[in-house]
Amino acid sequence: MQEYDVIVLGTGLKECILSGLLSQSGKKVLHIDKNTYYGGESGSISPLEQLYKKFKIPGPDKSMSRGKEWNIDLIPKFFLADGELVKILVHTEVTRYLDFKVIESSYVYKAGKVHKVPGTEEEAHASDLMGMFDKRRFRKLLLFALNFDARNPRTYQDMDPTKTTTRDLFCRFDLGLDVMEFTGHAIALHSSDSYLDQPCLETIKRIKLYSESLSRHNTSPYIYPVYGLGELPQGFARLSAEYGGTFLLNRAVDEIVMDSGKVKAVKSEGKMFHCKQLICDPSYVPNRVRKVGRVIRVICLLNHPVKNTHEAKSCQIIIPQAQLHRKSDIYISVVSYAHNVAPDGVYIATVSTTAETSNPEKEVQPGLELLEPIMQKFVSVHHMLVPNEDGKKSQIFVSRSYDSTNHFETEYEDIRDLYRRITGAELCFRGSQRHQSHNSDDD
């Protein structure tokens, strides 16, 4: 009978990060996955034939299928260069196994057209998103956010960030509606407008994070791994293995064995593995999760850069909800041969949003129109699943489904929350090797 501190079911990114961190802290970890590849629903598909097979579409065309050149993310997301997830990568030294490249630029949609998101004083000055007076006010807001320090009330400019709403903050800087919109959605990365009536502290921190991430690379605040996101779970799996973690891929999970309401073991292919704690994604425990919405993602293959993006080989586009009279934003991520995820001249663009109607494909149409002509598209609609309980009683800790955003900020919050519940401690790497920038190259 084999005894483990923690058993992890699934090799999704969140599960692999947690197993890497727990192995590193001295826990005995076993990983079981029903798939043959790392990454689960957040993995990358290669070769291209596998993607067609997964979506039950005949193809691909012989001219496209140079198999090994493709790495297609099922759930593409970018990293903010100064974000918490990058700090985990640097702290754990998983950066040894990965190379990152900068995403060329970030755009926001306004009145049917995409515009570059200004993140610096120079970009604000050149931006066609706002008039002359707004530019000056926006610059003042950026400077205020950059100088803001939650521990130093002298940087608050006579207001209480825990009480003043974001709407009031924007009014103080006399910002027009257009500026409020791209600041809130394309810089602070809020996915709906509810943030306007919340205390402004969180929004100030988000603007500051965006600006600091941008100052790392100057072209955009986002970075993305060469060869796609599938490299990340593998990196953390290697970290876990280095500290004694064991991996069993392509194995069915027969049963999660409970004793007095608490997890006791996992039965896999007739074998019993004992554990004190269990971590898994929602697919392993359908009776312990509930649906809170749906996400539509459309993966599109293009043989051209996206219009009005200055021929960018990679970029992010956000369509703020109000532009289309919706409740949630639409996100578009574009990567290409520049990140070694597709053959030369091919672009992979993914459009995603939270579905609000019974016809989600119609909801993402404005995003798809920006990408035309599209060689091939792959449409998926998934339920957003969240755990019913915090896991403290059962010691079963379940991650949330991946949301529609195309950056990792909300996913990091889930990792942090899970880590706190599993260990009782905070996940914190502030300042750890912070300025030893990851092996990123700027071409």
Side-chain angles (χ1 to χ4, degrees), residues 44 48 60-61 63-64 66 69-73 76-81 99-120 122-130 182 185-187 210 213-229 298-320 323 329-352 364-378 406-407 440-443:
S44 302
L48 183 62
D61 191 302
S63 65
M64 289 169 71
R66 297 193 292 281
E69 291 183 71
W70 293 91
N71 287 292
I72 300 154
D73 294 337
K77 285 181 185 268
F78 298 151
F79 293 79
L80 278 169
D99 274 315
F100 282 86
K101 270 190 173 178
V102 179
I103 292 296
E104 280 182 32
S105 43
S106 183
Y107 291 87
V108 65
Y109 175 97
K110 180 187 163 195
K113 189 169 175 265
V114 297
H115 305 259
K116 196 166 191 318
V117 178
T120 62
E122 296 74 36
E123 286 187 349
H125 193 67
S127 176
D128 58 355
L129 274 169
M130 47 192 166
F182 77 72
H185 292 263
I187 293 178
Y210 188 96
S213 297
L214 188 60
S215 69
R216 289 287 186 112
H217 302 293
N218 297 325
T219 50
S220 104
Y222 300 106
I223 56 174
Y224 174 81
V226 177
Y227 301 112
L229 290 182
V298 185
I299 299 169
C300 304
L301 306 183
L302 319 175
N303 57 7
H304 59 90
V306 178
K307 286 189 287 284
N308 301 318
T309 62
H310 306 91
E311 310 282 297
K313 294 184 185 72
S314 59
C315 67
Q316 181 209 48
I317 303 167
I318 292 177
I319 306 180
Q323 289 291 323
D329 294 355
I330 293 175
Y331 297 89
I332 304 168
S333 63
V334 182
V335 287
S336 69
Y337 55 96
H339 280 86
N340 295 16
V341 293
D344 200 355
V346 180
Y347 297 73
I348 303 167
T350 304
V351 185
S352 59
V364 291
Q365 204 50 47
L368 296 173
E369 279 164 17
L370 296 176
L371 306 177
E372 295 290 357
I374 297 167
M375 292 195 289
Q376 181 66 56
K377 57 183 192 201
F378 306 85
N406 60 1
H407 52 79
S440 149
D441 87 52
D442 279 285
D443 53 273

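Basis for what follows: all heavy atoms, side chains included, without hydrogens, waters or symmetry-related copies. Computed from a predicted structure; not experimentally measured.
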Can you tell me how far the CE atom of Met375 sits from the CG atom of Leu302, to the nearest 0.5 Å?
7.0 Å
Contacts satisfying salt bridge (charged side-chain N to carboxylate O under 4.0 Å, His left out) that involve residues 108-117 (not counting sequence neighbours) are Lys110-Asp178, Lys116-Glu123
Taking the side chain as every heavy atom from C-beta outward, state whether Gln323 and Pro366 have any pair of such atoms under 4.5 Å apart.
no
Starting from the C-alpha separation in whole Å, work towards a yes-or-no answer on side chain to side chain contact (heavy atoms under 4.5 Å, CB included) for Ile332 and Leu371.
CA-CA 9 Å; Ile332 304 168; Leu371 306 177; 4.1 Å; yes
The complete set of side chain to side chain donor-acceptor pair (under 3.5 Å) pairs with one or both residues in residues 337-348, sequence neighbours excluded, reads Tyr227-Asn340
Contact summary for Ala312 and Pro305, nearest pair of heavy atoms
O-CB, 3.9 Å
Those residues that, when tested against Ser220, pass side-chain contact (heavy atoms from CB on, under 4.5 Å) (two or more places apart)
Val102, Ile103, Tyr222
Using the side chain to side chain contact (heavy atoms under 4.5 Å, CB included) rule, take Asp73 and Val335 through it: C-alpha gap first, then chi angles, then the decisive distance, then the call.
CA-CA 10 Å; Asp73 294 337; Val335 287; 5.7 Å; no
Working note: Phe378 + Ile72, criterion side chain to side chain contact (heavy atoms under 4.5 Å, CB included); need CA distance, chi angles, decisive distance, verdict.
CA-CA 11 Å; Phe378 306 85; Ile72 300 154; over 6 Å; no
Once rounded to the nearest 0.5 Å, what's the spacing between atom CG of Leu370 and atom CD1 of Ile330?
9.0 Å
Rounded distance (nearest 0.5 Å) linking atom NE2 of His115 with atom CZ of Phe182:
10.5 Å
Donor-acceptor pair, Thr219 side chain versus Ser105 backbone, under 3.5 Å?
no
Just wondering, do Leu301 and Ile348 contact through their side chains at under 4.5 Å, heavy atoms?
yes
Sequence neighbours left out, what passes ring pair (Phe, Tyr, Trp, His ring centres under 6.0 Å) with Phe79? Give chain and number order.
Phe100, Phe408
Less than 4.5 Å apart, any side-chain heavy atom of Glu104 and any of Cys315?
no
Test: side chain to side chain donor-acceptor pair (under 3.5 Å). Region: residues 299-311. Which pairs qualify, not counting sequence neighbours?
Tyr107-His310
Side chain to side chain contact (heavy atoms under 4.5 Å, CB included), that's the test. Do Ser106 and Tyr210 meet it? Break it down for me.
CA-CA 11 Å; Ser106 183; Tyr210 188 96; 3.7 Å; yes
Rounded to the nearest 0.5 Å, how far does CD1 of Ile299 lie from CD1 of Ile374?
12.5 Å
So which heavy atom on Val341 is nearest to which on Gly228, and how close?
CG1-N, 3.5 Å
Under the side-chain contact (heavy atoms from CB on, under 4.5 Å) test, residues paired with Asn406 that sit two or more places apart:
Gln316, Tyr331, Ser333
